[in-house]
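Following: one structure in structure tokens, then a few remarks.
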Protein chains: 2
Amino acid sequence: MLCFGQTVAMVGIEGARSRARAEVTAAIKEEARRQLAEEGAARLSLRAVARELGMVSSALYRYFPGRDELLTALIVDAYSAAGAVAEAAASDSEGSAPSVRWREVCRALRRWALAHPHEYALVYGSPVPGYAAPDRTTEAASRIAMALFGVVADAVAAGDCAEPVDGPPAELLADAREVRARIGLELPAAVLARSLVVWPQLFGLIGFEVFGQLRGVIERRETYFDHAVDQLAATLGLFGERSARS
Amino acid sequence: MLCFGQTVAMVGIEGARSRARAEVTAAIKEEARRQLAEEGAARLSLRAVARELGMVSSALYRYFPGRDELLTALIVDAYSAAGAVAEAAASDSEGSAPSVRWREVCRALRRWALAHPHEYALVYGSPVPGYAAPDRTTEAASRIAMALFGVVADAVAAGDCAEPVDGPPAELLADAREVRARIGLELPAAVLARSLVVWPQLFGLIGFEVFGQLRGVIERRETYFDHAVDQLAATLGLFGERSARS
DNA sequence: CCAATGCGAGAGCACTGCTCTTGTTTTTCC
DNA sequence: GGAAAAACAAGAGCAGTGCTCTCGCATTGG
């Protein structure tokens, strides 16, 4: 019994039946993602997806229990797509100075967000369905943060990260310690605390641009973003040659 | 001919007709805001609003051309509510040190956002209707930013703001100068540029909390936010007694 | 081979935004 | 004051939505 929506990568020996099921499920998600990119999450219509796929709407309920579940499947995919982009940028820049690695990961996330605004809205915008985010989304979400914190951890390990001058308050340190215990990342609690503070600020920058809040205010958005991200790197204490702008 | 949705404050001598019209318009918006707060923007239903008000749905179209226009009216109201909150915090803290004024305004915005999550989502979350934000929303939006930048400007005027050590790039300065010319605020372009960089980061912090992105990560959210905001004040170069935590 | 299960199609329900028409009330102008 | 004009509420109706249920057909597993 396959659960709905999960990416059935390895179907293997399974009969033709479940293979067909996996293919139809993938086709549904693909068409849904297409409509999402075109019209946005609010206008994503189950019936339209079914229509485009040449099947009747009720048949679609064999694959997804409802519209919200289709959406959460798309959310999980979007999270992991963004996570993959961030991880790729982090590993591609391995060996570079911490501040340029940080900048590369941030740039990659921004690029992905601008290329997929509706999917970005799905994961970092207002929560669309009822209100509760299922657990599978949060664990998919952590990949992005892990990629970000990973370059900080690498910098600390290499001695390329300055210790905070005036440490964060004790309560924040406690939260940081709990997070560290859960994700198992090797870095001082004070540095993780600093990262946890910077983390939402990065998505504030990206979100403002994607959601059009910068329209009529900032025109040279690329340099704006790069400068902001460099400043965040400085806040994080990341070392690196100053402004190795390509 | 009254335009839809606009707050008809001064009806004055006008006949009983337009007075009734203003009242009905206000009642519609009130009920819509109630439903918005309960169910979110996606589930706001024109018919349900009409039903709750004891009228038929088609009658509602005499007051609002459509659902989207009702929503943009709510957006404008939400913007100006948040703007009023920010302005009040700014003027209430007049005379205090710049960094504590900054913190007060930030706190006030966070409090409002947490108290009205769906309205916050309306203005700083994913853009819900088609895609374009009418002009009236952007001018209402500027009030919030003006309150924020206002305390920075006051700090500069009082000599309580440090000049940036390494200035922002030239292109960002150009954008800052254009913004300054448009809004007519007395502060150096470099300082405004710094403020424009910090601005989205603040709403990244608020948005992450309101949208539940901090769930399971940061538990002591108040100290977290205060610390982050203090750090932003430092980035802005705002002077003030260190951590005058109440 | 035959029962069990998975599946697609259709009808149908309750709901949505929106339009058009039909009377009624109110304002406005001569 | 009375007639023309405008504003209004109500209803019917259209196209679309998510979702449920039932019905036959196909595939699967024992």
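Just so we're on the same page: letters track the sequence lines, and every chain starts at 1.
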Distances under 3.5 Å only, N/O to N/O: pair up the protein atoms with those of nucleotides 11-14 of chain C.
{"from": "C/dG12", "atom 1": "O6", "to": "A/R47", "atom 2": "NH2", "distance (Å)": "3.4"}

Worksheet item: Within the structure shown, what part of the strands sits under 4.0 Å from A/L53 by heavy-atom distance: base, sugar-phosphate, or nothing?
Response: nothing
Discussion item. Does a side-chain N or O of A/R21 approach OP1 or OP2 of C/dC7 to a distance below 4.0 Å, or not?
Written reply: yes
Picking from C/dG10, D/dC19, D/dA10, the nucleotide nearest the side-chain atoms of B/V56 would be D/dA10
When rounded to whole Å, the CZ to C1' distance for the pair A/R43 and C/dT16 reads 13 Å
- prompt: Salt bridge check: are A/E30 and A/R33 linked by an N-O gap of less than 4.0 Å?
  reply: no
Check this for me, if you would: do A/E38 and A/R34 make a salt bridge, where the nitrogen-to-carboxylate-oxygen distance has to be below 4.0 angstrom? yes
Open item on the list: Taking the basic N atoms (NZ, or NE/NH1/NH2) and the acidic carboxylate oxygens, is any pair closer than 4.0 Å for A/R221 and A/E219?
Closed with: yes
Atom pairs, N/O to N/O, protein against nucleotides 22-27 of chain D, distance under 3.5 Å?
{"from": "D/dT27", "atom 1": "O4'", "to": "A/R17", "atom 2": "NH1", "distance (Å)": "3.1"}

Residue set satisfying salt bridge (Lys or Arg N to Asp or Glu O under 4.0 Å) with B/E171, at least two apart, ordered chain then number -> none
Among the nucleotides C/dC18, C/dG8, D/dC19, whichever has the atom closest to the side chain of A/Y61 is D/dC19
Under 4.0 Å between a side-chain N/O of B/S45 and OP1 or OP2 of C/dG17, yes or no?
yes
Ranking C/dG17, D/dA9, C/dC7 by distance to the side chain of A/Y63, first place goes to C/dC7
query: Counting only side-chain N and O atoms of A/R51, is one of them less than 4.0 Å from OP1 or OP2 of D/dT17?
result: yes
- Task: Look at all strands and tell whether B/L44 reaches a base, only sugar-phosphate, or nothing, counting heavy atoms closer than 4.0 Å.
- Result: sugar-phosphate
Nearest-nucleotide check on DNA chain D, A/L46 vs B/M55; residue mapping nearer the 5' end is B/M55
> Taking NZ, NE, NH1 and NH2 as the nitrogens, is one of them in A/E104 or A/R107 under 4.0 Å from a carboxylate oxygen of the other?
Replying inline: yes
From CD of A/Q35 across to P of D/dG16 the rounded distance in Å is 14 Å
